[in-house]
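If you read the sequence from its start, that first residue is 1, and numbering goes on from there. Whatever order the structure lists them in is the order used to number ligands and atoms, beginning at 1.
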Amino acid sequence: MTQTLNETHNSDLRSWLDSANTPGADFPVQNLPFGVFRRQGSAEPFRVGVAIGDQILDLAACCDQGLLTGAAAEAGRESSLNTLMGLGAAEWSALRQAISRLLRSDSAQQQQAEATLVPMSDAEMGMPAAIGDYTDFYCSIFHATNVGSMFRPDNPLMPNYKHIPIGYHGRSSSIVVSDTPVRRPHGQTKADDAEAPTFGPCKLFDYELEVGFFVGAGNDQGTAFSVDQADDNIFGFCLVNDWSARDIQKWEYQPLGPFLAKSFSTSVSPWVVTTEALAPYRIPAFERPEGDPQPLPHLDSERNRSHGGVDLDLEVFIRTPQMRQQGLEPHRLSRANFRDMYWTAAQMLAHHGSNGCNLRPGDLLASGTVSGQDKSARGCLLELTWRGSEPIDLPTGEVRRFLQDGDEVILRGACEKEGTARVGFGECRGTILPA
Ligand code: CA
């Protein structure tokens, strides 16, 4: 079971690599997230690495040296995590244990392992998985209520909201890894007072702070997961920015939901933090207010109720061209927590498979915008500026209602609590290019 604590979570563990032991570091020896990388500017094949401190452990090189063996380690020679994801929780866990032992301060193979390290500053990160299918949910009741009340003031939440995790099929071909620039899309829009729609560059460009998770072995078509099986089928988590063209969305979303307002680009962070690494941060599922319906049995379990949530702190920052010129640090726009989602990741995955739809290794599911109850925890500009009516003041004196060309949006995430090692997610960055 991927939520059981074991020797790899021990907060006393230290690595022989100093940068992994720095307080506040995202990638201590207790984290060990997986990604896909190669040396910058090289013609090397992309391959699997594990983040440790400010370095990347090269799994293929470890296999060549005999430091790691077995099918899971050998899957590290591939240019995506899909094969590793498909092997299942027992293999993931065994590999994590072997990597942990290799990187700990008492490792007998420090010198050989050290020789396989590639500095992150020399690396180019690739897409962590070949994503066959991508589904985006809408699981923050705070976000859904805020957005719903802008468009349907008398009826913000649809009657299904508290019974099923609402989602739509996203576009996998346009998912890009962090640091890939994102071009402002063109689309058809119609102003409220206009007679007819026009086609042109998006004027209301937004981000959405989301948490993504990758499917492991998956299910056969015609079969379904229980919630607990779904939980065991989540390989790991990443940060997702679901770039959104609000003016295009407003005109196209009825009756079948978002389409071109979302499909031009979605950014993901390069490091996939495993479900196992998050074990110390599992918490009860969102506590439903009295009077809300309980989930139907196929979306419910004892384990989900007690451990379905993840205490994951999330932040969004902006850096405008003017801020860059003046050497200013990115400005924080909001801070939220993944624990505030109305549905858990396992419930989203169980729901997805409940009709017999097959989920496959490397499929990506995203949570929907993570917003909390407070204004400071609203995960997109649409909510933060209330459709542009409450602009945000930046340290340069600039204001923002929506994103401008050249703006960079940075998502960060980390799990932290007293007596437990910090598990960081790194960053998901994207800068907007003109249409
Ligand atoms: Ca979304």
Side-chain angles (χ1 to χ4, degrees), residues 131 133-152 156-158 160-161 164-178 182 184-185 187 202 204-214 237-254 256-269 312 314-316 333-334 336-338 340-345 347-349 351-352 363-372 377-385 387 402-403 409-411 413 425 428-430 432:
I131 299 169
D133 269 302
Y134 162 50
T135 300
D136 193 22
F137 284 88
Y138 191 57
C139 285
S140 160
I141 195 166
F142 304 109
H143 172 71
T145 304
N146 282 337
V147 173
S149 68
M150 289 176 209
F151 295 98
R152 299 176 301 274
L157 276 191
M158 291 294 178
N160 53 13
Y161 192 85
I164 50 178
I166 300 297
Y168 69 96
H169 284 105
R171 183 77 195 168
S172 55
S173 68
S174 54
I175 302 177
V176 295
V177 73
S178 174
V182 173
R184 178 181 299 271
C202 162
L204 308 182
F205 197 18
D206 204 355
Y207 61 83
E208 288 187 341
L209 163 67
E210 303 199 14
V211 173
F213 48 100
F214 287 96
F237 293 73
C238 67
L239 304 172
V240 174
N241 184 339
D242 178 24
W243 302 98
S244 298
R246 299 302 184 194
D247 41 358
I248 299 171
Q249 184 178 1
K250 185 169 179 248
W251 175 233
E252 73 171 6
Y253 88 103
Q254 284 176 318
L256 287 183
F259 184 44
L260 301 186
K262 303 280 190 173
S263 61
F264 58 94
S265 208
T266 305
S267 300
V268 296
S269 57
L312 165 59
L314 299 160
E315 294 175 298
V316 186
L333 292 171
S334 70
N337 195 296
F338 192 50
D340 286 331
M341 303 306 275
Y342 197 80
W343 297 97
T344 66
Q347 285 173 318
M348 292 180 226
L349 181 53
H351 175 63
H352 206 320
D363 283 358
L364 178 68
L365 279 63
S367 62
T369 306
V370 183
S371 291
R378 293 177 183 169
C380 62
L381 287 175
L382 177 69
E383 283 175 271
L384 270 177
T385 70
R387 283 170 99 175
F402 288 93
L403 298 169
V409 176
I410 304 157
L411 311 183
F425 276 63
C428 178
R429 289 174 176 260
I432 297 164

Could you pull out the atom name of the N/O/S atom in [X] that is nearest the Ca ion (ligand 1)?
X    : answer
E210 : OE2
D242 : OD2
E208 : OE1
D136 : OD2

Between S244 and Q249, a side-chain donor and acceptor under 3.5 Å: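 No - no donor-acceptor pair under 3.5 Å links their side chains.
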Identified side-chain contact (heavy atoms from CB on, under 4.5 Å) partner of T266 from the options I175, N241, D136: I175
Out of F137, F338, Y138, F237, which residue meets the side-chain contact (heavy atoms from CB on, under 4.5 Å) rule with S367? F338
Check: F264 ring centroid to F205 ring centroid under 6.0 Å: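 Yes.
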